[in-house]
Amino acid sequence: MSVKVVVGSLWGDEGKGKIIDFLAKDSELVIRAQGGNNAGHTIVVNDKKYALHLMPSGIVRPSCYNIIGDGVVIDPISLMKEIDFLKSQGVNCDNLFISNRASVVMPYHILIDKYSEEKREENKIGTTGKGIGPCYMDTVERSSIRMVDFLDISEADLRRILENKNEFIKRNYNDDGVTIESAIEELLNAREYIKGYITDTTVIVDRFLKEKKNVLLEGAQGSLLDVTYGTYPYVTSSHPISGGFCVGGAVPPNAITDVIAILKAYTTRVGQGPFVTEIEDSIAHYIREAGNEYGTTTGRPRRIGYMDIVALNYSIRINGVTSIALTLLDVLKGVEKIKICTAYELDGKTIMHYPASLKELERCKPIYEEVEGFHEDLTDVTCYDDLSDNAKKYVEKIEELTGVRVDIVSVGPGRHQTLVRQK
Ligand code: IMP
């Protein structure tokens, strides 16, 4: 039995979908525990590409149960479209279960997300615009609609809630808000479509744990986007760290056996916020194009930087990481010297910790070590030992600087391009 938690090491987009799909072959249950359709997890099966947003990445494996857990915020209209699309691709989704405790992202959350971003002017967070923050705000404020209540909400109650929110939008943003009748129609239509999937998922989780099955908790976003531990306020509104998945996935902390950090061979970030190892030169351009570093959800070009061991070690500490899966190593092919940031210089002092203060972070300068790059195409490599010496040296340098073993190396989007290192 194993209960593996998969976390994004830094700011998300590390290739979690692919690794979860790979690990799901030995898992009986995959659980999404936080975030919503702000996530974008890409899976490639037999050259067919699936871009998932709300759906757990085990969905394409029929024998694997998939839960959208209690801590997820769910846009029912978007979920309906995602299920519908998957069905059209031959994925029947009979293995999907949706928590009745999850909060519903309403059309007004999406509007409020947009208007509050506009109001921030030059201090925009760069949200995905999916209504995630406003929905979590309502949840914490205790005015969200949970799935269990959405199932039997009357049309009259729905209309009253929409009218109230429209008044709020008028007052705060001088806009008419959502078109009430069409919003009701769309919401009720989506409810009809998804209602068969909604259940008390805590019961399923408990059963799988008691039966000592293999469970995977799938993180969305990344640890440095955590609302407490991330680069606040340039963060998402949930807890994409290992502890957060216990809260949102109904898995008790003492059940967890492994914490696997997905780490990109370079670093990316979308949206605003500090990024000490960011580069904007020709290497950044090269990596962006070679790695197709454009958002799965928003299409935005991602910011690019070198490996940041200071940020990574912080993430390893707060997550209790037991193993690393290194992704997109193939993308670094042709980069002459690969830089690794091993410390920061802050006001003339060398520091190894990740500052909480954004002002300090903005003053931090990366202190780099360099390793030789590699020129070989890695995408056909099928076993770790066959990687070129320089590629292996880079992997081993990361292990040396973190004290955590890299157990998986990914050299392409396909399932077969996943190298599992022998223990
Ligand atoms: P929100 O989650 O849409 O509120 O956006 C808050 C911040 O998190 C923004 O900087 C987004 O770009 C970032 N973010 C949200 N979801 C993802 C993701 O799946 N990958 C990477 N960044 C994300």
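When a residue number appears, it is its place in the shown sequence, counting from 1. Order of appearance sets the numbers: ligands from 1, and atoms from 1 within every ligand. Predicted model, so just to flag it, every value in this text is computed and none were measured.
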Practice problem: Could you tell me if any non-hydrogen atom of A220 lies under 4.0 Å from any atom of ligand 1? | Solution: no

Quiz prompt | From T127, V73, N38 - option closest to atom 4 (O) of ligand 1 by heavy atom | solution = T127

Exercise. Apply the test side-chain contact (heavy atoms from CB on, under 4.5 Å) to residues D138 and H109: give CA-CA distance (whole Å), side-chain angles for both, the deciding distance (0.1 Å), then the verdict.
Key: CA-CA 9 Å; D138 278 358; H109 289 134; 2.8 Å; yes

Quiz prompt | Residue pairs fulfilling ring-ring contact (aromatic ring centres under 6.0 Å, His included) with at least one residue in residues 269-299, sequence neighbours excluded | solution = W11-F275

Quiz item: Looking only at protein heavy atoms, which one is nearest to atom 12 (O) of ligand 1, and how far off is it?
Solution: R300 NH2, 3.0 Å

Quiz item: Could K119 and Y115 be counted as a cation-pi pair, given that NZ or CZ must be under 6.0 Å from the ring centre and within 45° of the axis?
Solution: no

Quiz item: So which bit of D113 gets within less than 4.0 Å of ligand 1, heavy atoms only: side chain, backbone, both or neither?
Solution: neither

Self-check item: Any N or O of S237 closer than 3.5 Å to N or O of ligand 1
Solution: no

Quiz item: Taking atom types as modelled and ignoring hydrogens, do the side chains of S323 and D407 form a donor-acceptor contact shorter than 3.5 angstrom?
Solution: yes

Quiz item: Is it true that the side chains of K16 and S57 contain a donor and an acceptor less than 3.5 Å apart?
Solution: no

Quiz item: What are the atoms of ligand 1, with element, lying closer than 4.0 Å to any heavy atom of V235?
Solution: 6 (C), 7 (C)

Quiz prompt | Option of least heavy-atom distance to atom 11 (C) of ligand 1 (set: G131, G126, S238, P134) | solution = G126

Quiz item: With a cut-off of 4.0 Å, which atoms of ligand 1 are near a heavy atom of V270?
Solution: 10 (O), 12 (O), 21 (C), 22 (N)

Practice problem: Please report the closest heavy-atom contact between F208 and E28, naming both atoms and the distance. | Solution: CE2-O, 3.5 Å

Quiz prompt | Sub-4.0 Å heavy-atom approach of R269 to ligand 1 | solution = no

Quiz item: For the ring pair Y306 and Y368, is the centre-to-centre distance below 6.0 Å?
Solution: yes

Exercise. Answer yes or no for R421 and Y384: cation-pi contact, defined as NZ/CZ to six-membered ring centre under 6.0 Å and angle to ring axis within 45°.
Key: yes

Quiz item: Could you walk me through whether I338 and M307 pass the side-chain contact (heavy atoms from CB on, under 4.5 Å) check?
Solution: CA-CA 9 Å; I338 307 176; M307 176 69 67; over 6 Å; no

Self-check item: Residue and atom name of the nearest protein heavy atom (relative to atom 2 (O) of ligand 1), distance in Å to one decimal
Solution: T236 OG1, 2.6 Å

Quiz prompt | Test item, W11 contacting ligand 1 (heavy atom, 4.0 angstrom) | solution = yes

Quiz item: Any heavy atom of K130 sitting closer than 4.0 Å to ligand 1?
Solution: no

Exercise. Look at atom 17 (C) of ligand 1 and say which protein heavy atom is nearest, naming residue and atom and giving the distance to 0.1 Å.
Key: Q221 CG, 3.4 Å

Self-check item: For D13, the ligand 1 atoms whose distance to one of its heavy atoms is below 4.0 Å
Solution: 20 (N), 21 (C)

Quiz item: Of the backbone atoms (N, CA, C, O) and the side-chain heavy atoms from C-beta on, which set of H41 has a member under 4.0 Å from an atom of ligand 1: side chain, backbone, both, or neither?
Solution: neither

Quiz item: Can K397 be said to sit on top of Y394's aromatic six-ring, NZ or CZ under 6.0 Å from centre and within 45° of the ring axis?
Solution: no

Quiz item: Just which atoms of ligand 1 are under 4.0 Å from any heavy atom in L225?
Solution: 8 (O), 13 (C), 14 (N), 22 (N), 23 (C)

Quiz prompt | Close side-chain approach of Y197 and I83, heavy atoms under 4.5 Å | solution = yes

Practice problem: Name the closest protein heavy atom to atom 3 (O) of ligand 1, giving the residue it belongs to and the distance to 0.1 Å. | Solution: T128 OG1, 2.6 Å

Quiz item: Under 4.0 angstrom from ligand 1, any heavy atom of T298?
Solution: no

